[in-house]
Amino acid sequence: MLGENIKSVTHMDNVKLSEDGKSVVIIDQTQLPNRMEYITLSTAKEIWDAIYLLQVRGAPAIGICAGYGIYCLALQIESQEYEAFAKEFHEKKEYLNSSRPTAVNLSWALNRMEKVVLSNSDQSVEKILELLKQECKAIHEEDIAMCKAISEYGLTLIKDGDGILTHCNAGPLATSRYGTALGPLFLGKEKGMNFKVFSDETRPLLQGARLTSFELCKAGIDVTLICDNMASIVMKNGWVQACFVGCDRVAANGDTANKIGTSGVAILAKYYDIPFYVLGPTSTIDMNCKTGEDIQIELRKPEEIKEKFYLEPMALSEVKCYNPAFDVTNHELITGIVTEKGICYPPYTESLANLFK
Ligand code: MRU
């Protein structure tokens with residue numbers, strides 16, 4: 001289990017290559033907070049399942065796992081002939097890409113890896129494998145740097161003693177090192193600042209209860225766990241000075257897909273006049289999506305609502321369920337989008353486009 005200090009939390013190796021360099025090793029997030037278990041993923045099915053089952057989750061962490069994963073699968077391709085290698089690589093990439101649809105980091109990382117294959121058709125397969133290894137490591141290293149920069153920008157938005165409400169988990173487990181939405185809180189704590197964090201439990205998969213409150217608590221940050229439907233009362237009580245959330249895909253106009261329930265938090269924040277910030281790396285901004293209407297929302301199984309975490313089912317088996325994993329927060333509700341390149345403010349169509357110039 002983790003030690004009780006900030007560094008043990010901000011320096012968790014949640015996704016890495018195995019020692020022999022042939023498999024991906026992840027912290028199985030479904031076992032937290034009760035067990036810190038590492039699992040090794042070697043086959044395409046194991047990697048697909050780990051992403052689908054949220055053993056590895058959080059947009060940036062999914063991208064990092066997919067990068068390492070497709071590299072490990074590329075090592076298993078027998079053909080040393082370029083055309084056959086590239087074809088099999090593409091098939092494996094498409095398979096991994098089908099595991100979850102909403103977080104753009106999955107396809108972003110896989111496309112980045114495939115670009116290495118496609119732009120080196122004149123090289124030997126051995127050389128391409130070497131370049132693929134460099135690329136997946138670069139994806140990971142860049143994420144570490146992006147999280148740190150986001151944390152620094154985010155910290156400028158809050159002051160010592162503030163109450164911060166967060167939804168889902170956008171901390172070290174979901175990313176690399178500091179995290180995105182939680183990054184300013186870890187960084188502030190390192191500098192001697194104290195915040196009072198309210199963590200929505202995040203129904204139905206409880207990322208807030210199982211992961212966010214675990215990370216913050218282990219880092220010695222004051223965290224209070226609340227059920228999702230308690231956000232309004234803590235805001236009304238005057239205990240929240242800002243909302244910080246992560247993102248899975250940000251459209252060109254600033255509409256933001258994040259964990260189901262995020263848009264409700266944003267609507268409440270608007271009512272109570274509390275600033276609502278989205279924090280995420282530019283790898284989560286999808287300029288190909290003009291608005292949130294273009295973002296595919298993952299629908300998951302009814303059992304997650306009716307049965308998971310309960311000793312017996314909490315609804316009749318014939319009861320219908322609607323279980324979207326994400327919702328889209330309208331850009332008009334977002335005070336600012338904090339990226340590693342700076343803080344974007346409305347109009348987002350302009351400020352986000354400027355990031356990619
Ligand atoms: O279904 P999950 O747990 O993968 O959803 C994760 C989120 O919604 C996070 O807020 C988002 O990926 C940002 S992680 C930095």
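Numbering of ligands and ligand atoms starts at 1, following listing order.
The ligand atoms of ligand 1 that sit less than 4.0 angstrom from a heavy atom of Thr175 are 15 (C). Listed by atom number, the atoms of ligand 1 under 4.0 Å from Gly58 heavy atoms are 4 (O), 12 (O), 14 (S). Listed by atom number, the atoms of ligand 1 under 4.0 Å from Gln207 heavy atoms are 1 (O), 2 (P), 3 (O). Close approach to Ala174 involves these atoms of ligand 1, each under 4.0 Å from a residue heavy atom: 14 (S).
A salt bridge links Lys87 and Glu91; the closest N-O separation between the charged side-chain nitrogens and carboxylate oxygens is under 4.0 Å. A salt bridge between Glu304 and Arg300 is present, with a side-chain N of the basic residue lying under 4.0 Å from a carboxylate O of the acidic one. A salt bridge links Glu130 with Lys127: at least one charged nitrogen is closer than 4.0 Å to a carboxylate oxygen. Taking 4.0 Å as the cut-off between side-chain N and carboxylate O, Arg112 and Glu135 count as a salt-bridged pair.
Donor-acceptor pairing under 3.5 Å is lacking for the side chains of Tyr345 and Thr335. Using a 3.5 Å distance cut-off with no hydrogens or angles, the side chains of Asp327 and Ser263 do pair a donor with an acceptor. Side-chain contact check for Ser18 and Asp20: at least one donor-acceptor pair (N or O, by modelled atom type) lies under 3.5 Å.
Of the protein's heavy atoms, Lys259 CE, 3.2 Å lies nearest to atom 5 (O) of ligand 1. With respect to atom 3 (O) of ligand 1, the closest heavy atom belonging to the protein is Arg57 NE, 2.4 Å. With hydrogens left out, the protein atom closest to atom 7 (C) of ligand 1 is Asp248 OD1, 3.2 Å, a heavy atom. Closest protein heavy atom to atom 4 (O) of ligand 1: Arg100 NH1, 2.9 Å. Closest protein heavy atom to atom 15 (C) of ligand 1: Thr180 OG1, 3.2 Å. Of all protein heavy atoms, the one closest to atom 10 (O) of ligand 1 is Asn258 OD1, 2.6 Å.
For the ligand labelled ligand 1, residue Pro60 lies inside the 4.0 Å heavy-atom shell. The shortest separation from a heavy atom of Asn169 to ligand 1 is under 4.0 Å, placing the residue in contact.
At a 4.0 Å heavy-atom cut-off, ligand 1 touches Cys247 through the backbone alone. Of the heavy atoms in His167, none comes closer than 4.0 Å to ligand 1. Both the backbone and the side chain of Ala170 come within contact range of ligand 1, each with a heavy atom under 4.0 Å. Contact annotation: for Leu54 versus ligand 1, heavy atoms closer than 4.0 Å belong to the side chain alone.
For His167 and Phe244, the gap between ring centers reaches or exceeds 6.0 Å.
Using a 30° and 60° split on the angle between ring planes, Tyr95 and Trp48 fall in the parallel class, below 30°.
With a 6.0 Å radius and a threshold of 12 heavy atoms from other residues, nucleotides or ligands, Tyr271 has its OH atom at or below the threshold.
Listed for the Asn237 side chain is no donor-acceptor partner under 3.5 Å among the backbone atoms of Trp239.
Residue contacts with ligand 1: Ala59 is placed with a nitrogen or oxygen under 3.5 Å of a nitrogen or oxygen of the ligand (distance criterion only).
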